[in-house]
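Remarks on the structure that follows.
For clarity, every value in this text was computed on a predicted model and none was experimentally measured. Just so you know, these numbers use all the heavy atoms, side chains as well, and skip hydrogens, waters and symmetry mates.
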Amino acid sequence: MPAVKSRREMYSEATRAALLEEATALFAGRGYAGTSLEDVAAATRVTRGAVYHHFASKQALFEAVLDQQESRAMREVADAATSANPREAALQALGAFLDRCCDPVYGRLCWQEAPTALGFRRWKECEERHAYALVEQFVESLMEAGYLPRTARDTTIQFFFWMLGGAGLALSAAPPEDKRRVRDEWFELMRRSLSGPQS
């Protein structure tokens with residue numbers, strides 16, 4: 001039987017969740033540089049000390065926001081792959097990923113603000129932690145089914161990983177009226193790259 005949480009523990013969890021929610025909105029609206037911990041504290045109606053109780057710095061708070069965004073996105077991508085056919089499953093996942101990148105909050109936080117807020121190396125590590133294994137899983141399935149040649153395995157995984165990153169960057173930078181067109185163009189380019197001998 002799970003342990004019953006104390007009122008203090010429940011309050012602490014609720015405060016952390018509220019901080020993440022308000023920080024997400026502020027970082028997405030004002031950008032990392034334009035948001036302070038005081039802004040987040042005021043929006044959440046807590047003291048700055050309460051913010052520091054949960055997050056050691058503004059960068060730590062942003063990274064927690066990014067982790068939350070990426071965790072949700074990768075769950076959506078994995079859940080979208082319902083087909084028993086590896087290529088169709090990969091395309092379903094690809095469509096879900098590109099749709100997510102069209103979201104203005106996810107797009108700005110993960111592809112525009114994160115490289116600046118965390119630095120390229122830390123941002124790359126975060127993206128790899130969340131997405132690399134999933135890309136690897138799809139590539140392995142496609143190779144096993146004959147849609148991709150079983151050569152240069154690691155390079156192939158990196159190719160698709162960085163191609164997806166390129167799509168995310170392109171979609172986050174596209175004006176709202178162009179996102180659907182850009183999304184569909186990226187989908188078609190990547191679909192063609194999966195046109196193996198069994199397609």
Side-chain angles (χ1 to χ4, degrees), residues 20 24 28 62-115 117-199:
L20 286 172
T24 298
F62 181 88
E63 190 161 351
V65 167
L66 182 64
D67 280 342
Q68 188 179 70
Q69 289 288 313
E70 289 292 17
S71 294
R72 288 175 179 170
M74 293 306 107
R75 281 197 302 271
E76 290 177 8
V77 170
D79 290 347
T82 58
S83 176
N85 179 280
R87 181 172 182 271
E88 290 306 313
L91 292 175
Q92 289 171 335
L94 172 62
F97 172 74
L98 295 176
D99 287 342
R100 195 78 177 97
C101 290
C102 289
D103 176 73
V105 173
Y106 177 81
R108 180 167 188 183
L109 290 174
C110 297
W111 302 108
Q112 294 182 3
E113 298 300 324
L118 304 182
F120 178 79
R121 181 177 178 180
R122 185 69 175 159
W123 171 62
K124 176 174 174 286
E125 289 173 351
C126 180
E127 291 303 314
E128 288 178 342
R129 182 172 70 252
H130 285 286
Y132 198 87
L134 189 58
V135 174
E136 182 179 30
Q137 176 185 323
F138 281 114
V139 169
E140 280 286 350
S141 296
L142 290 162
M143 286 182 171
E144 185 67 26
Y147 291 106
L148 291 173
R150 189 169 280 283
T151 56
R153 175 189 177 277
D154 291 345
T155 300
T156 301
I157 295 168
Q158 290 172 15
F159 170 78
F160 283 104
F161 177 79
W162 286 110
M163 187 180 287
L164 291 166
L169 289 167
L171 283 166
S172 70
E177 64 272 17
D178 291 338
K179 285 189 188 294
R180 175 52 55 175
R181 174 184 58 80
V182 175
R183 180 256 187 224
D184 291 345
E185 289 173 353
W186 274 93
F187 183 88
E188 180 60 20
L189 286 169
M190 295 191 74
R191 185 192 68 78
R192 292 177 192 172
S193 71
L194 300 179
S195 298
Q198 294 198 27
S199 61

(message) Check Lys124 with Glu128, please: is the shortest side-chain N to carboxylate O separation under 4.0 Å?
(response) yes

(request) Return the set of residues passing side-chain contact (heavy atoms from CB on, under 4.5 Å) with Ser83 (not counting sequence neighbours), or none when no residue passes. (result) Asn85, Glu88, Ala89, Gln92

May I have the list of side-chain donor-acceptor pairs in residues 166-178 shorter than 3.5 Å, sequence neighbours left out?
unit_1 : atom_1 : unit_2 : atom_2 : d
Ser172 : OG     : Gly168 : O      : 3.4
Ser172 : OG     : Leu169 : O      : 2.9

(message) Checking Gln69 against His130 for the side chain to side chain contact (heavy atoms under 4.5 Å, CB included) test, could you report, in this order, the C-alpha distance in whole Å, the side-chain angles of both residues, the deciding distance, and whether it holds?
(response) CA-CA 10 Å; Gln69 289 288 313; His130 285 286; over 6 Å; no

(request) Decide, yes or no, whether a salt bridge links Arg75 with Asp79 under the criterion of side-chain N to carboxylate O below 4.0 Å. (result) no

(message) Which heavy atom of Trp111 sits nearest to which heavy atom of Cys101, and what is that distance?
(response) NE1-SG, 3.7 Å

(message) Could you measure the distance from the CG atom of Leu20 to the CG atom of Asp67? Nearest 0.5 Å is fine.
(response) 9.5 Å

(message) For the CG atom of Leu148 and the CZ atom of Phe160, what is their distance to the nearest 0.5 Å?
(response) 5.0 Å

Between side-chain atoms of residues 134-141 and protein atoms elsewhere (two or more places apart, or another chain), which donor-acceptor pairs fall under 3.5 Å?
unit_1 : atom_1 : unit_2 : atom_2 : d
Glu136 : OE2    : Arg153 : NH2    : 2.4
Glu140 : OE2    : Arg153 : NE     : 2.4
Glu140 : OE2    : Arg153 : NH2    : 3.1
Ser141 : OG     : Gln137 : O      : 3.1

(request) Taking the side chain as every heavy atom from C-beta outward, state whether Leu164 and Met190 have any atom pair closer than 4.5 Å. (result) yes

(message) Once ring pair (Phe, Tyr, Trp, His ring centres under 6.0 Å) is applied, what residue pairs with a partner in residues 62-102 remain, sequence neighbours excluded?
(response) Phe27-Phe62, Tyr32-Phe62

(message) What I want to find out is whether Asp184 reaches Lys179 closely enough, with some N-O distance under 4.0 Å, to be called a salt bridge.
(response) no

(request) Write down the atom of Cys110, the atom of Glu127, and the distance for their closest heavy-atom approach. (result) O-OE2, 4.3 Å

(request) Not counting sequence neighbours, which residues clear side chain to side chain donor-acceptor pair (under 3.5 Å) with Arg181? List them please. (result) Glu185

(request) Please answer whether the main-chain N or O of Leu98 pairs with a side-chain N or O of Arg183 as donor and acceptor at a distance below 3.5 Å. (result) no

(message) Check this for me: does any side-chain nitrogen of one of Arg129 and Glu70 sit under 4.0 Å from a carboxylate oxygen of the other?
(response) no

(request) Using ring pair (Phe, Tyr, Trp, His ring centres under 6.0 Å) as the criterion, list what pairs up with Tyr132, not counting sequence neighbours. (result) Phe161

